[in-house]
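One structure below.
Start at 1 with the first residue, then count along the sequence. Excluded from the calculations below are hydrogen atoms, water molecules and symmetry mates; all remaining heavy atoms, backbone and side chain alike, are included.
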Amino acid sequence: MTFDEILTQVVALLQREGRVTYRALKRRFGLDDDYLEDLRGEIIKAKRLAIDEDGEVLVWTGSSAKEEPENRGNGDKENNLFGL
């Protein structure tokens, strides 16, 4: 799997579960320390989807799948009010 494929799977898992340990990610995806560090940087710093808890757990902070459709529709409703 490519880095992007693993990143997508880790983000989906994290969004679904809410919390996941780094050890579980290493075991589940067969990651070494450098690969895990790259994923952490992408998820925590670049995308700001999670925070680190005590250097052991990733905690989801991004929006949930339930919230996204509601937010997307808000702009359309406002446009319809103005006849756009």
Side-chain angles (χ1 to χ4, degrees):
M1 273 194 287
T2 67
F3 178 81
D4 289 335
E5 290 170 332
I6 293 175
L7 177 62
T8 299
Q9 288 189 17
V10 169
V11 168
L13 173 68
L14 186 56
Q15 184 177 21
R16 187 175 61 248
E17 300 294 324
R19 303 167 59 86
V20 63
T21 65
Y22 297 122
R23 289 181 57 96
L25 290 176
K26 287 175 75 170
R27 178 153 325 264
R28 186 175 212 150
F29 294 100
L31 307 176
D32 63 20
D33 289 336
D34 288 335
Y35 210 102
L36 181 62
E37 192 61 32
D38 293 343
L39 285 171
R40 287 180 61 197
E42 194 66 21
I43 293 168
I44 294 171
K45 294 179 182 176
K47 298 189 182 302
R48 295 183 180 187
L49 295 174
I51 58 171
D52 176 86
E53 184 177 272
D54 300 326
E56 295 182 14
V57 180
L58 267 177
V59 181
W60 180 255
T61 60
S63 63
S64 70
K66 295 175 191 171
E67 292 173 5
E68 289 177 14
E70 293 172 10
N71 291 340
R72 283 190 209 143
N74 289 343
D76 294 337
K77 289 177 187 173
E78 288 175 14
N79 287 341
N80 289 337
L81 292 174
F82 295 107
L84 300 175

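Checked against side-chain contact (heavy atoms from CB on, under 4.5 Å), Asp32 has the following partners two or more places apart in sequence or in another chain: Asp34, Tyr35. Under the side-chain contact (heavy atoms from CB on, under 4.5 Å) criterion, Arg19 pairs with Glu53, Val57, Val59, sequence neighbours left out.
Inter-residue side-chain proximity for Phe3 and Leu39 is flagged as met; some heavy-atom pair is nearer than 4.5 Å. Using a 4.5 Å cut-off on side-chain heavy atoms (C-beta onward), Trp60 and Arg16 make no contact. At a threshold of 4.5 Å between non-hydrogen side-chain atoms, the residues Leu7 and Lys47 count as touching. By the 4.5 Å heavy-atom criterion applied to side chains, Asp33 and Lys26 are counted as neighbours.
When every heavy atom of Leu58 is checked against every heavy atom of Leu14, the shortest pair comes out as O-CD1, 3.5 Å. The shortest heavy-atom contact between Glu5 and Met1 is OE1-CA, 3.2 Å. Residue Ala50 comes nearest to Thr61 through the heavy atom pair N-OG1, 3.3 Å, listed as atom of the first residue, atom of the second, then distance.
Interatomic distance, Arg28 CZ to Thr21 OG1, rounded to the nearest 0.5 Å: 10.0 Å. Within the model, atoms CG of Leu36 and CZ of Arg23 stand 11.5 Å from one another, a figure rounded to the nearest 0.5 Å.
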- Intermediate values then yes/no, side-chain contact (heavy atoms from CB on, under 4.5 Å), Ile44 and Ile51: CA-CA 6 Å; Ile44 294 171; Ile51 58 171; 5.7 Å; no

